[in-house]
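Read the structure below first, then the notes.
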Amino acid sequence: MAVTYQGTLSSTMMGDYPCICAKCQDDYPDDCEVKCRLQSHCENITYLMAECPKIVKILVSPGEIEMTCHKAALGFHSDFFDAAFYGGMAETTEGVIRLPEESKEGIYTFISWFCNEVMCFIIGMYGNSSKDGGRWLSARSMDFIYEKATETSSLMLFARHLLRAGGPLCPRAIRDETKFTKDGAYEKDWRELIKRGGDLVLLIAFETSFFQDGLCEFLDDKEAPWTLANHKKYMLPTTSTTAKVYLMEKALSAIAIGRRR
């Protein structure tokens, strides 16, 4: 049974929420760690796509559902795809890789992840739920995450930790969300989701009480998902090389492979 949500998906921007990185908290916004990370990420993605526009195919699941992506971007962010498309295997020349045991949702989430660095926005938006200015995870957003993300993805991990830090229907959540939603839509949507039942509701019930504020589990915020030291659990791993160096290495590797043949 589908839920008709009254609340809407957020159309806000990252800048609408206070940054919680260490530099901004210490009043050094020019050195904001999130902005620096995003700038570096965007520069790498732009360079990879401009310098190596080749598109490869990913055939997912036994039904071989076709997905496409930039070859260089895949290799730069994944050792597996790097070996497949640049390591001299059949995929290197064919530009096609078959992943019969993977799901479409899993690959979709991975590609969206490295193309957009979405967790910077998500942490900025939801990572302040214990502070002023943050949002609580809406029923619509949780439903979307459950549908699109894999069970072991960092996005799902962040959502589960966020729910554990505070039940979505605890008094604090209801109070805070009245500033953002009209006519109690936030609370009504969660109650409709619970009424629907199903695997998602069971998952949340095992993680937390819907009505209890769970902050006591995160003593001094040390384990809280919004704490800067914990962001690495959810973010893309930082690379030790730049996109330019990566493509130079791949070019030299291609020359070496050609000589061996």
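Smallest separation of non-hydrogen atoms from Y186 and A173: OH-CB, 3.8 Å. Contact between L137 and W190 at its shortest, heavy atoms only, is O-NE1, 3.0 Å. In terms of heavy-atom proximity, P168 sits nearest to I174 at O-CD1, 4.4 Å. Closest approach of W136 and D176 over heavy atoms only: NE1-OD2, 3.0 Å. Considering all non-hydrogen atoms of both residues, A73 and L48 come closest at CA-CD1, 4.0 Å. When all heavy atoms of Q212 and S209 are compared, the closest pair comes out as N-OG, 3.3 Å.
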Please walk me through it: do D82 and K250 pass side-chain contact (heavy atoms from CB on, under 4.5 Å)? CA-CA 9 Å; D82 178 55; K250 297 305 114 178; 3.0 Å; yes

Stepwise, does the side-chain contact (heavy atoms from CB on, under 4.5 Å) test hold for L247 with C52? CA-CA 8 Å; L247 288 183; C52 184; 4.2 Å; yes

Intermediate values then yes/no, side-chain contact (heavy atoms from CB on, under 4.5 Å), L169 and R191: CA-CA 9 Å; L169 290 175; R191 290 186 180 277; 4.2 Å; yes

Applying side-chain contact (heavy atoms from CB on, under 4.5 Å), run through I45 and H70 and close with a yes or a no. CA-CA 10 Å; I45 286 291; H70 285 81; over 6 Å; no

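To the nearest 0.5 angstrom, F80 atom CZ is 5.0 Å from L99 atom CG. We find the CD1-CG distance between I145 and L155 to be 4.5 Å, quoted to the nearest 0.5 Å. Rounding to the nearest 0.5 Å places CD of E64 at 11.0 Å from NZ of K57. Here NZ of K244 is found 7.0 Å from CE of M248. Values are rounded to the nearest 0.5 Å. Taken from CE in M49 to CZ in F76, the straight-line distance is 12.0 Å, to the nearest 0.5 Å. Rounded to the nearest 0.5 Å, atoms CG (L59) and OG1 (T68) are 11.0 Å apart.
For the pair K71 and F85, the cation-pi criterion (under 6.0 Å, within 45° of the ring axis) is not fulfilled.
Formation of a donor-acceptor pair under 3.5 Å by the K104 side chain with backbone atoms of M67 is not found in this model. Under the 3.5 Å distance criterion, the side-chain polar atoms of E177 are left unmatched by any main-chain donor or acceptor of E187.
The hydrophobic clustering, which links ILVMFWY residues whose side-chain heavy atoms are closer than 4.5 Å, places I65 and V96 apart.
No hydrogens or angles considered: nothing links the side chains of Y246 and N44 as a donor-acceptor pair under 3.5 Å.
In this structure the side chain of D189 never reaches within 4.5 angstrom of the side chain of L193, judged on heavy atoms. Residues I97 and V56 fail the side-chain proximity criterion, which asks for heavy atoms closer than 4.5 Å. Contact of the T242 side chain with the E43 side chain is not registered, since no non-hydrogen atoms from C-beta on lie closer than 4.5 Å. Residues I58 and L74 meet the side-chain proximity criterion, which asks for heavy atoms closer than 4.5 Å. Looking at heavy atoms from C-beta onward, F210 lies in side-chain contact with V201 at the 4.5 angstrom threshold.
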